[in-house]
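One structure below.
Atoms considered below: every heavy atom in the structure, side chains included; atoms not considered: hydrogens, waters and symmetry mates. No experiment lies behind these values; they were computed from the predicted model shown.
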Amino acid sequence: MVGQLFVSLIVGIMLLIGYLIIGLDYALLLALIGVVTDVIPFLGPYITVTPAIIDALFQNPLTVVYVAIIMLYAQQIDGNLITPNVMGNALSVHPLTVITLILAAGNISGIYPLAHHLKAPVNQE
């Protein structure tokens, strides 16, 4: 649980930096929404990016493309670097094992995300 919260915080920081670079209004609020919703499997990134895209539409239509690129980069870095390393350290498991579990759980769950929760068991110490 602490590992997932740490991963969410890092994603929020990445979003905040990206939003500040492109000058998006309400960057801090949108990044905080990202921190909170990043813990939701599958739907979290979509819930995160929706208010940012709406805000970007009111600023400049080209800003929507920048917001999408920032979100894409943040999710790629999160899914391929941060989550496997943080979860691997929290569970004392090799990061490659975490990646394999995430991929397997995603294939098992398909559209229904409940099996996605099986990917990395929470260490309750």
Practice problem: Report whether M71 and L24 are members of the same hydrophobic cluster (ILVMFWY, side-chain heavy atoms less than 4.5 Å apart, transitive linking). | Solution: yes

Quiz prompt | Same apolar cluster (I L V M F W Y, side chains within < 4.5 Å links), I10/I70 | solution = yes

Quiz item: Rounded to the nearest 0.5 Å, how far apart are CD1 of I53 and OG1 of T63?
Solution: 11.5 Å

Quiz item: Between atom OH of Y26 and atom CD1 of I54, what is the distance when rounded to the nearest 0.5 Å?
Solution: 13.5 Å

Self-check item: Backbone of Q76 reached by a side-chain donor or acceptor of N80 within 3.5 Å
Solution: yes

Self-check item: Cluster overlap V7 with L15, hydrophobic side-chain contacts below 4.5 Å
Solution: yes

Quiz prompt | Nearest heavy atoms of M14 and I82, plus distance in Å | solution = CE-CD1, 3.9 Å

Quiz item: Looking only at heavy atoms, which two atoms of T48 and I33 are closest? And how far apart?
Solution: OG1-O, 4.3 Å

Self-check item: Check against side-chain contact (heavy atoms from CB on, under 4.5 Å), V67 and Y19
Solution: CA-CA 7 Å; V67 168; Y19 293 161; 4.3 Å; yes

Practice problem: Group every Ile, Leu, Val, Met, Phe, Trp and Tyr by side-chain heavy-atom contacts under 4.5 Å, then state whether F58 and L20 land in the same group. | Solution: no

Quiz item: Roughly how far apart are L30 CG and D55 CG, rounded to 0.5 Å?
Solution: 5.5 Å

Quiz item: Going from CD on Q4 to OG1 on T83, what distance comes out if it is rounded to the nearest 0.5 angstrom?
Solution: 6.0 Å

Practice problem: Using the rule that two of Ile, Leu, Val, Met, Phe, Trp, Tyr join whenever any of their side-chain heavy atoms come within less than 4.5 Å, decide whether Y66 and I77 are in one cluster. | Solution: yes

